Amino acid sequence: MASLRDIRKRIASVKNTQKITNAMKMVSAAKLRRAEEAIKSARPFADKMRAVLMSLASRANPAAHPMLEARPVEKALLILITADRGLCGAFNTNLHRRSEAFVREMKEKGVQVHMINVGRKGNDYFRRRQVPIVDRFINVMNSVNNELAGQVVAVAAEQFMSGEFQEVYVLYNSFRTAVSQIITLKRLLPVVPDEPDTARQLEYLYEPSEEELLASLLPRYVQNQVFTGLLDSVASEHGARMSAMEAATTNAEEMIYKLTLKLNRLRQESITTELMEIVGGAEALKG
Amino acid sequence: MAEKFNAVLVTPKKVVLDKEVEEVIAPGIVGEFGVLIGHTPMLTFIKPGIFSYLENDKFTKFAVGAGFCEVLKDSVSVLVDEAYTGEEIDPKEAEAELAALQQQLSQADSAADPKGFEQLTNKVKVAQAKVSLAGG
């Protein structure tokens, strides 16, 4: 049976935890606002770029650039974007589970998957598993920028262009609202149009030339896709952490309420027992 | 009044322009070009310079960075690294920026770091466009 002192101590401890979770919630909320703005302003550009590239890819000859060429797949590269830190609910766990499923799916098709990990959590998880890691970028989520995306893409593109890997995928949490993230798996390379529209063979001018445009735009497109993925992931992470910490704060509140109730009950009980003892003692003396 | 078409100007930071316009003039890599409705579909690079569009007989100008542009029958999409309107630019600041960049450029070695040199050249051109836009 817990003593009064024990319960008081626990209440104090839960209160401290609550202060921490509440502070983390506030911090995440502030960071979320900035991250949300970043992703929302980056999306139109990325969407437009995707649209242009898709229409370009649907017209271009796949042999015009190595990044357009679909080859028989033996090895695939997965870029997994996770968070650097935990305490954000199922954010990382969901990604781990999805990537394991992906590795299994590909294995059934006879494709071996290697990984590039962006974010410490994913790296920690897959370090001890049977998936070869090509490269890792850890403790980078605090300062996501285009250079980081460039570094990631440089590694992936080199592996792809050298023929080592025939496909490159990217997996990350895509930001919808503060409380909902959607796990997104995209094929990054080769760049294959969603629906090849051979019907729409319009006259089309390229300046200076189709090859030069492809050579310059494709790498930029891929980098932009990874960059938006990173921004998405950062915003999602803060959103996930905010709701996780919100839940933790509410739980702490509930716990404090229950413990206080228990404490008061115990205190009253002990007072009643003491009174009974005094009354009993007095009666005994009288008799 | 000329028939209108949709023009979009986006940078990685925001959508700068998305409206119905009558004409667009953009700095293409092989020379400045104008686009009216019904233009032949085209894809081209944009070099740093002045981008403008015509709406109600009035030209509105932007200083833009490098990027690319897709022209379709009924729309124009311009994707550039940066874009500024005339009001956004402080003439003095722009001039100071240009001077600083030109200083850097004169010291830079094009042989040692061709990529960096090209980036710097581009920056100078953007700064020049900003100055000319702010000046009038």
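Chain naming here is simple, since letters A, B, ... match the order of the sequence lines and numbering starts at 1 in each. As the structure is a computational prediction, the values presented were derived from the model and not from experiment.
- With B:Leu43 as the partner, the side-chain contact (heavy atoms from CB on, under 4.5 Å) test is satisfied by one option alone out of A:Leu213, A:Leu214, A:Leu205: A:Leu213.
- Applying the 6.0 Å contact sphere to CE of A:Met161 captures more than 12 heavy atoms from other residues, nucleotides or ligands.
- Around the NZ atom of A:Lys25, the shell of radius 6.0 Å holds more than 12 heavy atoms that belong to other residues, nucleotides or ligands.
- Taking chain B as the reference chain and counting heavy-atom pairs below 4.5 Å, the highest number among A:Glu37, A:Arg220, A:Glu210 is found for A:Arg220.
- For B:Val78, no part lies under 4.5 angstrom from a heavy atom of chain A.
- Within a 6.0 Å sphere centred on NZ of A:Lys186, other residues, nucleotides and ligands contribute more than 12 heavy atoms.
- At most 12 heavy atoms of other shown residues, nucleotides or ligands fall within 6.0 angstrom of atom CZ in A:Arg85.
- Of the listed residues B:Asp18, B:Val71, B:Thr11, B:Val15, the one with more heavy-atom pairs under 4.5 angstrom with chain A than any other is B:Thr11.
- When all heavy atoms of A:Met49 and B:Phe68 are compared, the closest pair comes out as CE-CE2, 3.9 Å.
- Counting non-hydrogen atoms of other residues, nucleotides and ligands closer than 6.0 Å to CZ of A:Arg34 gives a total of 12 or fewer.
- When atom types are taken as modelled, the side chain of A:Ser41 and the backbone of B:Lys13 share a donor-acceptor pair closer than 3.5 angstrom.
- Atom CD of B:Glu118 sits in a sparse spot, with 12 or fewer heavy atoms from other residues, nucleotides or ligands closer than 6.0 Å.
- If you measure heavy-atom distances from B:Leu79 to chain A, the contacts under 4.5 Å come from both the backbone and the side chain.
- Contact between B:Pro12 and A:Phe45 at its shortest, heavy atoms only, is N-CD1, 3.6 Å.
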